[in-house]
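I have placed the structure first, in the form of structure tokens, so that the comments after it can refer back to it.
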2 protein chains.
Amino acid sequence: MPPMPAPPDLDPFDRAILSILQKDNTTPQRAIGERVNLSAPAVQRRIKRMQERGVIRANVALVDPARVGHPITIFVEVEVESERAELIDAAKRGFATVPEVQQCYYVTGEADFILVVTVATMADYEALTRRLFFENNNVKRFRTFVAMDRVKVGLEVPVGAPHLP
Amino acid sequence: MPPMPAPPDLDPFDRAILSILQKDNTTPQRAIGERVNLSAPAVQRRIKRMQERGVIRANVALVDPARVGHPITIFVEVEVESERAELIDAAKRGFATVPEVQQCYYVTGEADFILVVTVATMADYEALTRRLFFENNNVKRFRTFVAMDRVKVGLEVPVGAPHLP
DNA sequence: GGTGAAAATACTACCTG
DNA sequence: CAGGTAGTATTTTCACC
């Protein structure tokens with residue numbers, strides 16, 4: 001089980017900064033400071049703290065898959081034969097190392113894994129399913145959902161207000 | 001149908017730059033230049049061009065949902081009653097405006113939509129399903145998959161080599 | 001957390017192949 | 001037309017209050 005650190009308490013300043021950075025992390029600290037009523041160095045210190053605490057996981061450029069030769073996005077629901085720990089772990093490692101697999105989640109429910117895959121052509125996807133599923137004895141069944149429209153691709157996490165369960 | 005611009009041809013330099021920026025877009029242009037054997041301004045020009053062409057969609061900070069009070073990630077498969085265009089569009093708008101809905105895709109296959117949702121508690125999810133699905137007459141059925149492990153959350157698109165179908 | 005100065009970085013011409 | 005060079009403008013970062 002991964003360590004689950006107590007959620008660092010973020011005050012309204014932190015949340016405001018996060019919501020800006022999630023949209024555009026090239027926003028100058030001075031500009032952020034003006035919007036949240038803080039000096040640039042104060043903003044800087046808060047950002048550094050959130051990075052150290054793991055609130056901010058990474059700073060990245062988001063690339064449009066369609067414009068780099070991967071126009072097709074596919075969701076795949078995978079069901080396995082056995083849920084034995086070693087087999088599950090092996091499957092996790094297997095999926096995680098495939099570049100075409102953008103996201104992979106281990107889930108409860110009627111499936112065991114959900115993958116998000118991007119490929120250039122359906123032929124590539126077909127080849128991928130061979131490698132990933134047909135050659136894997138532990139895969140019982142998989143279902144394919146081809147994305148026709150990316151209605152919302154935002155990765156922003158709502159930071160509006162803390163939730164007290 | 002959204003305009004589908006011809007994929008801008010990216011040379012190996014562009015691809016190398018992209019693969020760096022997808023991991024860390026705070027990397028100084030000088031450092032990028034050293035790694036790809038280009039001067040900093042050359043790198044800068046290429047980045048700007050890729051931004052203008054939409055290859056780079058955005059520059060963002062990735063926030064760990066668990067650390068901002070949304071420890072639960074859920075995939076939802078939604079099936080609708082009618083696929084009439086207005087109803088589908090209404091559903092798209094409805095889903096897209098909900099902050100808890102991180103991602104929403106309109107897909108082919110045994111479901112019509114796939115949503116990725118983050119919430120603080122299962123009670124919040126339950127409340128969300130009420131608002132989103134039970135109050136919507138056009139939703140026939142939905143299936144819930146709760147993420148137990150985020151095996152891979154990377155959003156990097158493979159830019160290794162162009163694919164010629 | 002604010003203020004100021006210093007360092008690093010990004011940006012803009014301008015020139016070259 | 002794309003890249004390199006050099007100078008300028010911003011931005012980040014650090015010491016101090």
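Proteins come first, then strands; the chains are lettered A, B, ... in the order of their sequence lines, and each starts at number 1.
Applying the salt bridge (Lys or Arg N to Asp or Glu O under 4.0 Å) rule to Lys152(B) yields no partners; only residues at least two apart in sequence or on another chain are considered. For Phe13(B), the ring-ring contact (aromatic ring centres under 6.0 Å, His included) criterion is met by no residue, not counting sequence neighbours. With sequence neighbours excluded, the residues satisfying side-chain contact (heavy atoms from CB on, under 4.5 Å) with Val139(A) are Val78(A), Phe133(A), Asn136(A). The side-chain contact (heavy atoms from CB on, under 4.5 Å) test applied to Ala90(B) returns Arg93(B), not counting sequence neighbours. Evaluation of the salt bridge (Lys or Arg N to Asp or Glu O under 4.0 Å) rule for Lys23(B) yields no partner, not counting sequence neighbours.
In this structure, the side chain of Glu110(A) does not engage the main chain of Arg143(B) through any donor-acceptor pair within 3.5 Å. In terms of modelled atom types and a separation under 3.5 Å, the side chain of Asn138(B) and the main chain of Ala91(B) share no donor-acceptor contact. Remark: the backbone N or O of Gln29(B) is not paired with any side-chain donor or acceptor of Gln44(B) at under 3.5 angstrom.
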Report each atom pair, protein N/O against N/O of nucleotides 1-4 of chain C, whose distance is under 3.5 angstrom.
from   : atom 1 : to       : atom 2 : distance (Å)
dG1(C) : OP1    : Arg46(A) : NH2    : 2.9
dG2(C) : OP2    : Ser39(A) : N      : 2.9
dG2(C) : OP2    : Ser39(A) : OG     : 2.7
dG2(C) : N7     : Arg45(A) : NH2    : 2.9
dG2(C) : O6     : Arg45(A) : NH1    : 3.2
dG2(C) : O6     : Arg45(A) : NH2    : 3.4

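Minimum interatomic distance between Thr118(B) and Pro158(A) (heavy atoms only, all atoms of both residues): OG1-CD, 4.0 Å. For Gln102(B) against Leu155(A), the heavy-atom pair with the smallest separation is NE2-O, 3.6 Å.
Screening residues 26-64 of chain B for ring-ring contact (aromatic ring centres under 6.0 Å, His included) gives no qualifying pairs among residues at least two apart or on separate chains. Applying the ring-ring contact (aromatic ring centres under 6.0 Å, His included) test to every pair with at least one member in residues 75-104 of chain A, sequence neighbours left out, gives these pairs: Phe75(A)-Tyr105(B), Phe95(A)-Phe113(A).
Protein chain A contacts DNA chain D from dT11(D) to dC14(D), reading 5' to 3' and using non-hydrogen atoms of the protein with a distance under 4.0 Å.
A salt bridge does not link Asp112(A) with Lys140(A): none of the charged nitrogens is closer than 4.0 Å to a carboxylate oxygen.
Using a 4.0 Å cut-off on heavy atoms, none of the residues of residues 56-64 of chain B approach DNA chain D. At a non-hydrogen distance threshold of 4.0 Å, Pro28(A), Gln29(A), Arg30(A) from residues 20-30 of chain A come into contact with DNA chain D.
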Fill in: Strand DNA chain D as a dot-bracket string - pairs counted if Watson-Crick or G-U with both distances under 3.5 Å, | where the partner lies in another strand
|||||||||||.|||||
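A sub-4.0 Å separation between OP1 or OP2 of dC11(C) and a side-chain N or O of Gln44(B) is present.
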